[in-house]
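Bear in mind that the values here come from a model prediction, so they are computed numbers and not experimental data. Computed over heavy atoms, backbone and side chain alike; hydrogens, waters and symmetry mates excluded.
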Amino acid sequence: MIDWFVYVWGVQVDASHIRIKVFAFDSVALGAWWDFQNHISPFARILIVEEGCQSVSFHGETYHQKPGEMLLIPPYASVDYSCEHYCRQCYFIFTAKLSNGNDLFADYEFPVRRGFGSWHQVICENLLLCLPNFGLKSLDADDEFFNQLIFETKLEDLSLQQKIAAQGAVSVLLAEFAEGAQLSSDLIRFTKAFQHIENHLDGDLSLSVLSEIEGMSNGYFSDEFNRRMGIRPSEYIARKRETKARELLTGSSVSIAEVARQVGMSDLSYFFRFFKKRVGVTPRIYRMERLGKD
């Protein structure tokens with residue numbers, strides 16, 4: 001993960017800085033296996049097609065991306081990916097926050113498609129030379145731990161040159177989209193609710209809390225969430241809590257009671273019922289099967 005501060009010209013914001021974290025970058029060959037539906041990620045992505053073509057669908061639009069085009073996908077968008085034959089894709093995975101703490105993509109709407117010129121290509125080629133091993137180990141978007149693997153991406157000995165190079169590349173490409181950025185309209189993207197859920201899995205995630213965050217009535221929020229995401233807010237939260245519980249059970253040594261607390265369930269027996277219903281085994285057995293721990 002790279003954490004740096006850069007200024008992106010072209011976005012008229014009250015705060016002059018945007019905090020960007022770059023989690024992964026690479027150029028990869030894709031084939032017919034690149035076929036995933038309803039993939040939701042807390043990360044923004046810039047996708048660049050170098051050869052071949054791919055189809056990317058989100059926010060009700062399908063983009064048949066060809067060489068010379070780059071797409072900006074905002075966080076928490078429900079995305080479909082497909083590649084009929086072959087595609088070479090260069091990707092950047094990152095987050096961007098304003099210095100006031102707000103997510104850049106919660107406050108601003110960006111164009112999603114821009115041209116990719118020869119000088120952009122030079123930037124990516126030079127970055128590949130500077131950061132040859134900064135790609136994801138797996139591109140399986142159906143993996144339940146896919147987003148967590150991105151969060152855990154690390155380069156322990158990253159040099160100052162590499163930090164500046166990666167941040168510079170993302171800021172230059174993001175500036176291409178920022179030229180047409182506008183303050184968000186009343187389009188419902190639920191970014192604030194998504195962020196609140198992500199940061200408060202151990203707290204109150206009731207419908208009333210989430211609808212208030214988005215400034216909507218309970219019924220309207222629930223209906224619009226279901227219409228856009230294909231699931232009710234309660235099911236989305238349950239999936240997030242299940243994923244977090246799996247991560248804690250296999251990636252930490254905390255007690256099962258502490259796992260339950262961190263996913264918002266103080267009643268341990270309820271947590272056991274919740275987990276077994278969704279996963280098929282109890283939390284204790286799940287941990288034992290994967291780590292050999294009691």
Side-chain angles (χ1 to χ4, degrees), residues 8 10-21 37-46 56-63 71-80 93-113 147 150-151 174 177-244 262-266 274:
V8 179
V11 181
Q12 300 301 312
V13 296
D14 294 335
S16 60
H17 289 79
I18 295 174
R19 189 172 188 235
I20 292 178
K21 292 183 179 180
Q37 283 76 45
N38 299 318
H39 177 62
I40 300 174
S41 173
F43 307 98
R45 286 137 288 172
I46 292 177
V56 183
S57 302
F58 61 99
H59 289 166
E61 298 288 341
T62 297
Y63 302 91
L71 293 179
L72 173 62
I73 302 176
Y76 299 110
S78 179
V79 186
D80 295 347
I93 299 176
F94 64 98
T95 58
K97 293 186 182 296
L98 302 173
S99 58
N100 61 10
N102 291 348
D103 189 285
L104 177 67
F105 298 97
D107 288 2
Y108 289 84
E109 293 177 359
F110 285 77
V112 299
R113 180 156 55 182
N147 289 327
I150 297 175
F151 271 121
L174 189 58
F177 295 92
E179 182 179 353
Q182 299 177 354
L183 282 172
S184 293
S185 66
D186 291 332
L187 291 175
I188 303 169
R189 295 189 177 179
F190 304 114
T191 306
K192 295 176 182 178
F194 286 135
Q195 288 181 324
H196 184 82
I197 293 169
E198 200 75 32
N199 296 327
H200 298 87
L201 286 174
D202 60 345
D204 183 4
L205 296 178
S206 62
L207 186 61
S208 59
V209 168
L210 298 178
S211 58
E212 182 178 356
I213 288 172
E214 292 289 352
M216 307 172 194
S217 69
N218 291 0
Y220 186 65
F221 173 79
S222 181
D223 290 344
E224 284 298 311
F225 191 102
N226 185 47
R227 183 173 70 85
R228 290 177 175 269
M229 303 300 297
I231 56 174
R232 289 287 176 186
S234 58
E235 174 58 21
Y236 179 84
I237 294 167
R239 291 182 184 182
K240 297 297 291 185
R241 282 177 161 157
E242 175 196 335
T243 299
K244 180 66 174 178
Q262 290 193 33
V263 297
M265 301 179 196
S266 56
F274 166 87

Donor-acceptor pair, side chain of [X] and main chain of [Y], under 3.5 angstrom:
{"X": "Arg113", "Y": "Pro111", "result": "no"}
{"X": "Asn226", "Y": "Ser222", "result": "no"}
{"X": "Glu214", "Y": "Ala193", "result": "yes"}
{"X": "Asp202", "Y": "Val263", "result": "no"}
{"X": "Thr243", "Y": "Arg239", "result": "yes"}

Provide the closest heavy-atom pair for [X] versus [Y] in the form atom of the first, atom of the second, distance.
{"X": "Leu207", "Y": "Pro233", "value": "CD1-CG, 4.3 Å"}
{"X": "Leu71", "Y": "Phe177", "value": "C-CZ, 3.9 Å"}
{"X": "Thr62", "Y": "Ser57", "value": "OG1-OG, 2.8 Å"}
{"X": "His196", "Y": "Asp204", "value": "NE2-O, 4.0 Å"}

May I have the step-by-step check of side chain to side chain contact (heavy atoms under 4.5 Å, CB included) for Phe225 and Leu210, ending in yes or no? CA-CA 11 Å; Phe225 191 102; Leu210 298 178; over 6 Å; no

Hey, could you give me the [atom1]/[atom2] distance between [X] and [Y], rounded to the nearest 0.5 Å?
{"X": "Lys240", "Y": "His200", "atom1": "NZ", "atom2": "NE2", "result": "14.5 Å"}
{"X": "His39", "Y": "Phe58", "atom1": "NE2", "atom2": "CZ", "result": "13.0 Å"}
{"X": "Ile197", "Y": "Arg241", "atom1": "CD1", "atom2": "CZ", "result": "9.0 Å"}
{"X": "Ile73", "Y": "Ser41", "atom1": "CD1", "atom2": "OG", "result": "9.5 Å"}
{"X": "Leu104", "Y": "Leu174", "atom1": "CG", "atom2": "CG", "result": "6.5 Å"}
{"X": "Ser211", "Y": "Tyr220", "atom1": "OG", "atom2": "OH", "result": "12.5 Å"}

Let me see the working for Phe94 and Lys21 under side chain to side chain contact (heavy atoms under 4.5 Å, CB included), right down to the final yes or no. CA-CA 5 Å; Phe94 64 98; Lys21 292 183 179 180; 6.0 Å; no

Tell me, do Thr95 and Arg19 make a side-chain contact under 4.5 Å, heavy atoms counted? no

Would you please classify the geometry between the Tyr236 ring and the Phe194 ring as parallel, tilted or perpendicular, with 30° and 60° separating the classes? tilted

Test: Arg232 and Glu235 ion pair at under 4.0 Å: no

